[in-house]
A.B. asks: 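Just dropping this structure here.
First the proteins, then the strands, lettered A, B, ... as listed; each starts at 1. Just so you know, these numbers come straight off a predicted model, no measurement behind them.
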Amino acid sequence: AQSVTQLDSQVPVFEEAPVELRCNYSSSVSVYLFWYVQYPNQGLQLLLKYLSGSTLVESINGFEAEFNKSQTSFHLRKPSVHISDTAEYFCAVSEGTGGFKTIFGAGTRLFVKA
Amino acid sequence: DTAVSQTPKYLVTQMGNDKSIKCEQNLGHDTMYWYKQDSKKFLKIMFSYNNKELIINETVPNRFSPKSPDKAHLNLHINSLELGDSAVYFCASSQLDRGEQYFGPGTRLTVT
């Protein structure tokens, strides 16, 4: 059975500093991997996804994540964060074609301080 | 245009009542979901429908009954509401072979 572990429940960081949000998964088959972001009082929005191909994927707002099959990880990074990046970040994994059932991690609260 | 919409946004009700939450998507997706997010932000899937057919039914009390009248709508009816049902409920949709899901804004249910 698939599972997702987000190793940090909260990550405080100063503005313009780099950040890494960690995500590990377990699955016996090939997986699709996602990062979603949830701003206060809103629904989740897709940040980036890995389906196949290049193991490094990027979002339009400067985040990137790298799929590491040997370490079963999909860590999210940003070289310089902004106050507006403060949000809850969820790593998610789905097996096979990506439909049906997606398992979400417990979330990491990124708090960017001025 | 809102891609995935839910009504109502807030729902405050007393224990024992019956309530419904409606969800509509205009993305042309073939799969829709209901999730429950608790106070610690933990997100748990409840149901999933593909082309109006139930394909995922997690261990959810049978007081919860989803209904999908067509591919664009997935409603959630809850009978005999309990205090533990208080949470934010999210509807989402996806195209089955794409994987990524599009979420509605959520319905905050408070049972008193």
Side-chain angles (χ1 to χ4, degrees), chain A residues 1-6 8-11 21 23 25 27 29-53 57 59 65 67 74 86-111, chain B residues 2-10 21 23-25 27 29-51 53-60 71 87-110:
Chain A
Q2 57 192 25
S3 66
V4 180
T5 303
Q6 291 185 244
D8 306 295
S9 60
Q10 293 187 68
V11 174
L21 306 184
C23 173
Y25 68 92
S27 175
V29 297
S30 61
V31 296
Y32 289 1
L33 296 160
F34 309 88
W35 277 100
Y36 288 85
V37 59
Q38 184 179 26
Y39 298 104
N41 298 313
Q42 294 185 27
L44 279 72
Q45 304 171 35
L46 180 70
L47 189 59
L48 45 75
K49 63 185 178 186
Y50 170 78
L51 303 181
S52 64
V57 290
S59 72
F67 168 54
F74 191 55
T86 294
E88 193 86 21
Y89 291 79
F90 293 91
C91 182
V93 60
S94 61
E95 292 181 339
T97 58
F100 296 124
K101 189 171 177 178
T102 298
I103 301 296
F104 286 82
T108 297
R109 169 91 173 137
L110 175 62
F111 178 57
Chain B
T2 304
V4 182
S5 59
Q6 293 179 231
T7 53
K9 190 166 174 62
Y10 299 96
I21 307 172
C23 176
E24 177 181 2
Q25 56 97 2
L27 297 167
H29 289 162
D30 59 7
T31 306
M32 295 185 73
Y33 312 81
W34 276 111
Y35 288 90
K36 179 181 181 181
Q37 186 175 48
D38 63 23
S39 57
K40 295 186 178 179
K41 301 289 188 183
F42 185 72
L43 199 65
K44 181 175 167 55
I45 190 166
M46 301 173 68
F47 303 102
S48 176
Y49 272 73
N50 175 252
N51 287 319
E53 297 294 323
L54 181 66
I55 54 172
I56 293 175
N57 184 352
E58 291 296 294
T59 51
V60 177
K71 282 197 327 183
V88 181
Y89 291 84
F90 286 101
C91 176
S93 72
S94 73
Q95 194 59 25
L96 193 62
D97 60 353
R98 292 283 186 99
E100 68 263 34
Q101 297 180 22
Y102 293 78
F103 283 77
T107 296
R108 183 174 294 276
L109 172 65
T110 303

A.B. asks: Closer than 3.5 angstrom, by distance alone: can the side chain of B:Q6 be matched with the main-chain N or O of B:G106 as a donor-acceptor pair?
C.D. replies: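 Yes, because the side chain of B:Q6 sits within donor-acceptor range (under 3.5 Å) of the backbone of B:G106.
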
A.B. asks: Less than 4.5 Å to any heavy atom of chain B: does that hold for the side chain of A:Q45, its backbone, both, or neither?
C.D. replies: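 Interface part for A:Q45: neither.
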
A.B. asks: Can you name the residues that form a ring pair (Phe, Tyr, Trp, His ring centres under 6.0 Å) with A:Y25, not counting sequence neighbours?
C.D. replies: none

A.B. asks: Can you tell me which of B:Q37, B:K44, B:K40, B:R108 forms the most heavy-atom pairs within a distance under 4.5 Å of chain A?
C.D. replies: B:Q37

A.B. asks: So, for A:F104 and B:F103, which heavy atoms are closest and what is the spacing to 0.1 Å?
C.D. replies: CZ-CZ, 3.7 Å

A.B. asks: Measure A:Q42 against the heavy atoms of chain B and call it side chain, backbone, both or neither at under 4.5 Å.
C.D. replies: backbone

A.B. asks: Run the side chain to side chain contact (heavy atoms under 4.5 Å, CB included) test against B:L54 and tell me which residues pass, sequence neighbours left out.
C.D. replies: B:F47, B:Y49, B:N57

